[in-house]
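No experiment lies behind these values; they were computed from the predicted model shown. Labels below follow one simple rule: chain letters A, B, ... track the order of the sequence lines, proteins then strands, and each chain is numbered from 1.
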Amino acid sequence: MANLFALRNYARKAPSTLPQSLLFSSSSRTLTIYDTYPKAIFHFLVLPRVQAGSAVGLDDLDSLRTLFARGKDSARDVLNALNEDAQGIKREIELEMQERYGFKWPIWIGFHSVPSMHHLHLHVISSDLCSERLKNKKHYNSFHPKLGFFLHVDDVLSWFDSEPSYYEKMIQLDHKEYEKLLKEDLVCWKCEASMKNIPTLKAHLQEEWYKVAKREKGKVERKRKMEEREKQKIESGDDPSQHTEKKVKLDD
DNA sequence: GTTCTAGAAC
DNA sequence: GTTCTAGAAC
């Protein structure tokens, strides 16, 4: 059985003491770990660290709810720090996508509205959702980008600049309401097709990702060929920019 | 959060 | 008969 307090224990230690197989990177405000049970090709968790002298303690960092309870300014400060480092992780994933696959695809950054482990954690996950570890409806629906259970970080940050009544409503994070969403029928987040069960959905997600891969690789290949043609034209003295000049003169 | 497994669904 | 889901875990 997984330890529900594992993330809290990671956050309270010096990042350098964590195993290399777990720690991806760290900053003064956060640490980023590999999700132990990744639900996509790339899946990281960004965790806030306790700041020396800060009024926000380990208990306040337990979840979005406890953080919001600590006050609006404190919450905004912690969430901005998480978001900044998550954006950096996203850029690193994109480099790795290019390196390993020759193209990149969307990455989602967000929180689960009802957390399953103690200590606040921001998911940075690639949109393929292709993973051996994605095994049931709850897993899938918790990352569905349009269902509502997965709270995109940009949306959460927008609460701070919205009407106070909306802010107060959103920070309630009614667990009962959000948990209902996990029971919803399986629908492909990309093409909206209904899926009768998990194995069918997984095969479909794989197909959707292959389609993206094929299209993106095609783009790269077409670009390469076009650049090659342009280069050959210039080398053979047939500079296309000269054509424009001649045309202009003819028009005179 | 996962693993295990009974019994529902096909 | 096999696949698949969903709830218990002492």
(message) If only side-chain N and O atoms count, and only distance matters, is there a donor-acceptor pair under 3.5 Å linking A:Thr66 with A:Asp60?
(response) no

(request) Please determine, by modelled atom types, if A:Asn80 and A:Glu84 share a side-chain donor-acceptor pair under 3.5 angstrom. (result) no

What is the distance, rounded to the nearest whole Å, between atom [atom1] of [X] and atom [atom2] of [N]?
{"X": "A:Glu179", "N": "C:dG7", "atom1": "CD", "atom2": "P", "result": "12 Å"}
{"X": "A:Leu186", "N": "C:dA6", "atom1": "CG", "atom2": "C1'", "result": "13 Å"}
{"X": "A:Asn197", "N": "B:dA9", "atom1": "CG", "atom2": "P", "result": "14 Å"}
{"X": "A:Asn3", "N": "B:dG1", "atom1": "CG", "atom2": "C1'", "result": "9 Å"}
{"X": "A:Arg133", "N": "B:dG1", "atom1": "CZ", "atom2": "C1'", "result": "12 Å"}
{"X": "A:His112", "N": "B:dG1", "atom1": "NE2", "atom2": "P", "result": "7 Å"}
{"X": "A:Leu182", "N": "B:dG1", "atom1": "CG", "atom2": "C1'", "result": "13 Å"}
{"X": "A:Lys196", "N": "B:dA8", "atom1": "NZ", "atom2": "C1'", "result": "16 Å"}

(message) Taking A:Glu221 first and then A:Arg224, would you say they form a salt bridge - that is, a charged N and a carboxylate O separated by under 4.0 Å?
(response) yes

Between [X] and [N], is there a side-chain N or O to OP1/OP2 distance below 4.0 Å?
{"X": "A:Lys138", "N": "B:dG1", "value": "yes"}
{"X": "A:Lys39", "N": "B:dT2", "value": "yes"}
{"X": "A:Lys135", "N": "B:dT3", "value": "yes"}
{"X": "A:His139", "N": "B:dG1", "value": "no"}

(message) Just to be sure I understand: a Watson-Crick pair is purine N1 to pyrimidine N3 plus N6-O4 or O6-N4, both under 3.5 Å. Using that and G-U wobbles, which stems of three or more pairs involve DNA chain B?
(response) B:2-10 with C:1-9

(request) Would you classify A:Pro115 as touching base, sugar-phosphate or nothing, given that sugar-phosphate means primed atoms plus P, OP1 and OP2, and contacts are heavy atoms under 4.0 Å? (result) nothing

(message) Over all strands shown, is A:Lys137 touching base, sugar-phosphate only, or nothing at heavy-atom distances under 4.0 angstrom?
(response) nothing

(request) Could you tell me if the ring centre of A:His121 sits under 6.0 Å from that of A:His123? (result) yes

(request) Test A:Trp189 against every option in A:Tyr140, A:Phe143, A:Trp108 by the ring-ring contact (aromatic ring centres under 6.0 Å, His included) rule and name the one that passes. (result) A:Trp108

(message) Quick check with a 6.0 Å cut-off and a 45 degree axis cone: is A:Lys219 positioned over the face of A:Phe103's six-membered ring?
(response) no

(message) List the residues meeting side-chain hydrogen bond (donor to acceptor under 3.5 Å, both in side chains) with A:Asp62, not counting sequence neighbours, and say none if there are none.
(response) A:Arg8, A:His118

(request) Select one nucleotide: of C:dG7, C:dC4, B:dG1, the one nearest the side-chain heavy atoms of A:Met117. (result) B:dG1

